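A short write-up of the structure that comes next.
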Amino acid sequence: MSELTLVEAVRLALAHAMEEDEAVLVLGEDVGIDGGVFRATDGLLKRFGPRRVIDTPLSESLFVGLAVGLGAQGFRPVVEYQFMGFIYPAIDQVLSHAGRLRNRTRGRLSCPMVIRAPYGGGVHAPEHHSESMEALFAHIPGIRVVVPSSPAKGYGLLLAALRDPDPVVFLEPKRVYRSQKEEVAGDGTALPLDRCFVLREGRDVTLVSWGAMLAETLAAADALAEEGIAAEVIDLATLKPLDMETILSSVERTGRCVIIQEAPLSGGLGGEIAAGLADRGLVNLLAPLRRVAGYDTVMPLPRLEQHYMPSEQRILRHVRQVLSYA
Amino acid sequence: MSELTLVEAVRLALAHAMEEDEAVLVLGEDVGIDGGVFRATDGLLKRFGPRRVIDTPLSESLFVGLAVGLGAQGFRPVVEYQFMGFIYPAIDQVLSHAGRLRNRTRGRLSCPMVIRAPYGGGVHAPEHHSESMEALFAHIPGIRVVVPSSPAKGYGLLLAALRDPDPVVFLEPKRVYRSQKEEVAGDGTALPLDRCFVLREGRDVTLVSWGAMLAETLAAADALAEEGIAAEVIDLATLKPLDMETILSSVERTGRCVIIQEAPLSGGLGGEIAAGLADRGLVNLLAPLRRVAGYDTVMPLPRLEQHYMPSEQRILRHVRQVLSYA
Amino acid sequence: MSDVASFSIGHTRFLDAEGKALGALPDFARHPQVLIDLYRAMVLTRTFDAKAVALQRTGRLGTFASSLGQEAVSVGLGTAMRREDVLLPSFREQGAQILRGVTMTELLLYWGGDERGSDFAGPREDFPICVPVGTQAPHAAGVALALQLRGEARVAVCVFGDGATSRGDVYEAMNFAALMRLPAVFVVNNNQWAISVPRARQTAAETLAQKAIAAGMPGQQVDGNDVIAVRHVVGEAIARAREGAGPSLVEALTYRLSDHTTADDASRYRDDAEVSQRWKEDPIARLRRYLSEAGHWSKAEEEALIAESGKQVEAAAEAYLATPPMPPEAMFEHLYAKLPAALERQRAELAEGDTP
Amino acid sequence: MSDVASFSIGHTRFLDAEGKALGALPDFARHPQVLIDLYRAMVLTRTFDAKAVALQRTGRLGTFASSLGQEAVSVGLGTAMRREDVLLPSFREQGAQILRGVTMTELLLYWGGDERGSDFAGPREDFPICVPVGTQAPHAAGVALALQLRGEARVAVCVFGDGATSRGDVYEAMNFAALMRLPAVFVVNNNQWAISVPRARQTAAETLAQKAIAAGMPGQQVDGNDVIAVRHVVGEAIARAREGAGPSLVEALTYRLSDHTTADDASRYRDDAEVSQRWKEDPIARLRRYLSEAGHWSKAEEEALIAESGKQVEAAAEAYLATPPMPPEAMFEHLYAKLPAALERQRAELAEGDTP
Ligand SMILES: Cc1ncc(C[n+]2csc(CCOP(=O)(O)OP(=O)(O)O)c2C)c(N)n1
Ligand SMILES: Cc1ncc(C[n+]2csc(CCOP(=O)(O)OP(=O)(O)O)c2C)c(N)n1
Ligand SMILES: [Mg+2]
Ligand SMILES: [Mg+2]
């Protein structure tokens, strides 16, 4: 039981899974002696050896394909992509094979794997290092997409992903990597996949978000609380499959909902949530469903990135508008 | 002026653009002497020669990258991917470069290009040949995504795409390729991008769809008409950027909307449309917003594909439910 | 300028186009029965292909890729493998798959549009047919890494075409396999065409075997119409891989005598004259000539084989045609190990079917 | 087995590590001023790198990739190119970029997080810095195809690192370039490391130059710490490409004396001993020794150069630091040639900024 950062929690979960299951392997660029560019795999090479912690050549389209072969043979590969900006060559293998192998062989072959990648902006990273493209994966059948919002969530959700029999894309908000410390039991207890977490209860409005944006979302909820407005805050956690039930029952009580995402607005996951509410929860809506999101622009380089990312103030502006409907 | 199929209309538009603009080149697998596996480029090699109609090696991750270089040098490459199922290795170049070059160089360099691919199910094609993943592209900043629903739309929209200064992903529903003939002026008149088309006006309910699904959608509208229900039918045509205004004004009149897509439900473009309506059009809604879509499953092989794709009957079932709300 | 590295690509062939031995044959080929079994496997493959094409032409099968003229490649490598090895095929290795226990009924189910065709009752660890060209190469590297990590004396054998050698992921897979000295063998079925693109328009490389040099592993050519040579060369490559000597690439030179698939019309892009020329290299006729000359094969045996192969194929076709489709709900059955609750509503929606 | 193809990889070097000529130098090197200019360019590059690292350490620049120890590669190829040629760099070719007219202020703006750093006032057709490793190789093939189609005597020069040679798209680009005999030259800056992955763990290939063999084009090695050799070998490759003789690959053997970037700590994965050893190969010291021995370079000239380079770099840094950021709306300005109406609402939203 100790206070950990997200990157430490990720490392702890990886070590635990490698300890409890011989089949778990870690592959990626610089995951060995360097411990990964964010140090998420630091110490694993020393502890588990070069047969289970494998530094790969610079071949992004290869890794998920390797994992398909390893998974079909009973291993549980964990593939680290150094940044989400370099994961795109792997979409072919995720879409054409990883998410399909079990179905296309009627269960004869399957390929459990965890595809890890740091993602998102706000850390003044170089070009191509700050995008949020989780929605691309959330549309792909046969996989899971999970995004932790805090150290404890990171530990529990990653453990669950590492034990899951199907492919999981696990996206780690690097803005959270070292920004907060949290108690992490570290006792091997996993958190459930496929469901959202209600971080804070409230009757006036439902705020739905995931990953790094929960910081601004919770800050906005605090600001609202001071005005006597009780916002319910939901952490999506598993983006695919999406637990609409939790969101629906919250909005059934609040009647209002604002969805906050860092990714570009159009085609982002916020649309899926709003669509689910507009169908199954419409009768409960007292106000328009609002999305506060990144713009449909190229993610700006660091000098402008803070103007791109939804701020607490922007969130508050929209929440107030949503609350203004009688 | 003559009756053409979609594949003939595509060919006509390509020929017209190559005729009017020396900078237009066609690249892809088997686009030359074979005329493309669907014959969309048939005759172009003979007419424009091997310098402008280039058969490429089997290197899908290369083509869009080539087009970026060609576009930056003032050419207007048209890249054909044989089937959408093989376009995924190119997402990296579309996302990391094609959609960004103009912005990241502040307009110094740009890369006009048209990325063509047949897509969708319903023609009993082999594995990996029938998916509908347009939503992956509709989330990528800096590009356009266009889907024609008929021969005339195909001709006019493709011409517009070929003249557009920015990258356009042009997805051709192969179920429509030869299923219908339509008058195509063929006089070089382009259709506008960035806006939807109202195919049929109606006051009772708005049906929104795109590409091949408009066949079932219009059939459903016919069936409803016989019962005296007037459905307005909207063809999205340009999926990104999305013309919400046309949809909003329609639903403002009808108060009801059903969105029909062939792609898997979750994370599909239907969600974006519903989300836009649930925000800016909520006050006009008389009934839940319903999406009729493919399932979040792997696209089944031909023996079951018809059960996967939304049928006229399925559409009618949901429209009736939406109409049942007082 | 001083040379720091040099390489060469070899070519192996035992029987010429007339079926004459060019020298001593490898040991296994001294036993007539072995050669007869190779011959029978090639004939069965050709018979199966003909039937599949016929089924497609009559609307009872989907698009199909025949291996006409390339039987020596798939049969040669299929017999060079051990049962416990793992095959990662492209979509033209039915010859090898049948030898490994994939039933012809399963193959027809696959091409007929039924996922059960990839649920092999026989070789449970073999990969299914791979349609996205070259994408099975990374899987082969992954399988080989698994075999190496477990210290098993097994080999992953990956097959793809000449066109696939232009795919970056195939290069990445070979580069990784060589780096890790994985127990893998990559076989290129160089049938000279990638649909309408001839070998010469695929790459400027003099040989496809030399693609191995970039990966840092051995590469060699073999006469892909000489089943004895294919079995021998692939067999040696597999033996080296099994002993831990690392992967290699074998380019089998053959020719696609058929259209690319039943959806293709090769007359649009190649001369019939070229095709008739290539018929003279037919791997089946070649081995038959050798066997008859050597007195190991008679007209009577030939007729019996034709009849027997036909029967087997007919039986498989009947079994295929008699197999009803899966229920629609099957599309949810193996999507995940356990269907997530969030998808239950969709399964229910599917169950409602077309009731308006 | 008969050989059907053979290949060899050559290596070129003119000056040894002590700056002694190993034989006759290429013509251009007979003119002291040419060598002095090469020397000055390398020193300026190193001075710039040092300043950029200092700015990052003091929080005034983002992550930066120094080219310490690799100046001969970028300066050698930069001087081998003609103004009208097109450079497609990775992120460590500042030496070549500066020679081609990219201002040091622009380079600092880029690394400082400002898109205007890629809006080169000088070489308008050169590509910007490319961060996704190897993804500029397909662009180079595209640019070269454009130059070829227009029949221009210009060449696309693409640079990437040893790690990039493991990328499938780099292979695909080289294969296509060779197939089409494009006017392109691919240069590998083999600095022995891809962050923490040493050259030997990147590929089993004995050389990186032999990656060219898979593509069917010439490949050769050059001493990347000998700027004369780099300029000569790359110059010959460019000349061949310009004459229509097709593309080639040049592997420049050098060493990354710095951390990978300012975000890296190389002491985690490599010995200081190795690094000190490699300092003996320093390309700048090497050429300085040669020039001084030959009496073309004095201590006074050295001091003057250091001072002058420092001044230039300081001026560039001040101009960078004095450049205010673009207005937030700039993110919509060059997204499309003309902003689609659908995005106007978002631009308006951005304009509202943080008003709650
Ligand atoms: C990645 C990918 N691109 C395109 C296709 C369409 N296609 C199917 S087979 C084929 C040609 C393959 O040529 P080759 O690798 O030589 O194999 P062959 O068909 O000749 O056996 C193409 C382009 C595909 N299936 N996969
Ligand atoms: C496609 C991609 N993968 C990973 C990274 C992260 N990264 C940046 S540089 C680098 C190593 C590149 O090594 P090399 O090609 O040798 O170039 P060098 O940095 O040594 O100049 C890596 C892995 C990246 N920028 N792009
Ligand atoms: Mg072929
Ligand atoms: Mg390097």
Side-chain angles (χ1 to χ4, degrees), chain B residues 29-39 42 45 50 54-62 82-83 85-86 88-89 123-130 220 223 264-266 292-308 310-320, chain C residues 62-65 91 109-115 117-118 128-135 161-169 194-197 201-203 260-261 263-266 268-270 324-332 334-335 340 342-343 346-347 349-350 352-356:
Chain B
E29 291 156 7
D30 308 291
V31 296
I33 184 168
D34 196 35
V37 289
F38 285 101
R39 309 291 175 247
D42 197 16
L45 173 65
I54 301 169
D55 271 326
T56 55
L58 214 161
S59 306
E60 277 80 5
S61 76
L62 171 71
Q82 211 152 61
F83 289 89
F86 313 130
Y88 311 128
V123 299
H124 286 69
E127 197 170 17
H128 302 282
H129 285 63
S130 300
L265 177 75
S266 299
V292 183
Y295 302 105
D296 292 349
T297 64
V298 173
M299 177 78 185
L301 293 186
R303 273 186 159 193
L304 293 185
E305 72 176 329
Q306 75 277 16
H307 297 284
Y308 172 91
S311 64
E312 176 190 341
Q313 298 310 318
R314 244 185 95 200
I315 296 168
L316 283 172
R317 178 165 79 235
H318 289 283
V319 172
R320 293 212 167 89
Chain C
T63 300
F64 177 77
F91 41 80
L109 277 168
Y110 177 80
W111 293 109
D114 191 317
E115 285 80 0
S118 295
I129 281 171
C130 185
V131 164
V133 169
T135 57
D162 44 299
T165 63
S166 297
R167 285 272 300 190
D169 46 5
I195 305 187
S196 71
V197 179
R201 297 291 312 281
Q202 197 62 237
T203 179
H260 167 66
T261 64
D264 175 53
D265 171 10
R268 290 177 61 88
Y269 53 78
R270 70 179 185 187
M326 299 186 287
E329 298 73 35
M331 68 179 89
F332 286 95
H334 293 291
L335 186 60
L343 282 155
Q346 290 191 29
R347 180 156 60 177
E349 160 87 5
L350 173 64
E352 290 197 45
D354 275 353
T355 50

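Given the structure is predicted, the values throughout are model-derived calculations rather than measurements. Chain naming here is simple, since letters A, B, ... match the order of the sequence lines and numbering starts at 1 in each.
- Heavy atoms closer than 4.5 Å to chain B are found in both the backbone and the side chain of C/Ile195.
- Residue contact with chain C, scored on non-hydrogen atoms closer than 4.5 Å, involves the side chain of B/Pro126 exclusively.
- Considering only heavy atoms from C-beta on, B/Asp55 comes within 4.5 Å of B/Val31 through its side chain.
- The greatest number of non-hydrogen atom pairs below 4.5 Å with chain B, out of C/Val133, C/Asp169, C/Leu335, is found for C/Leu335.
- Between chain B and the residues C/Gly168, C/Gly117, C/Gly163, the most heavy-atom pairs under 4.5 angstrom are made by C/Gly163.
- Taking B/His129 as the reference, B/Phe83, B/Phe86 meet the ring pair (Phe, Tyr, Trp, His ring centres under 6.0 Å) condition, with sequence neighbours excluded.
- Within 6.0 Å of atom CZ in C/Arg201, 12 or fewer heavy atoms from other residues, nucleotides or ligands are found, so the atom counts as exposed in its surroundings.
- With sequence neighbours excluded, the residues forming a salt bridge (charged side-chain N to carboxylate O under 4.0 Å, His left out) with C/Glu349 are B/Arg314, B/Arg317, listed by chain and number.
- When heavy atoms are compared at a cutoff of 4.5 Å, C/Pro324 approaches chain B solely by way of its backbone atoms N, CA, C and O.
- Contact annotation for B/Val319: neither backbone nor side-chain heavy atoms come within less than 4.5 Å of a heavy atom of chain C.
- A heavy-atom distance below 4.5 Å is not found between the side chains of B/Ile33 and C/Arg268.
- With a threshold of 4.5 angstrom between heavy atoms, B/Ser61 does not approach chain C through any atom at all.
- For B/Leu62, no part sits under 4.5 Å from any heavy atom of chain C, backbone or side chain.
- Proximity of C/Pro356 to B/Arg320: side-chain heavy atoms (C-beta onward) are separated by under 4.5 Å at one or more points.
- Heavy-atom distances place no part of C/Thr261 under 4.5 Å from chain B, backbone and side chain included.
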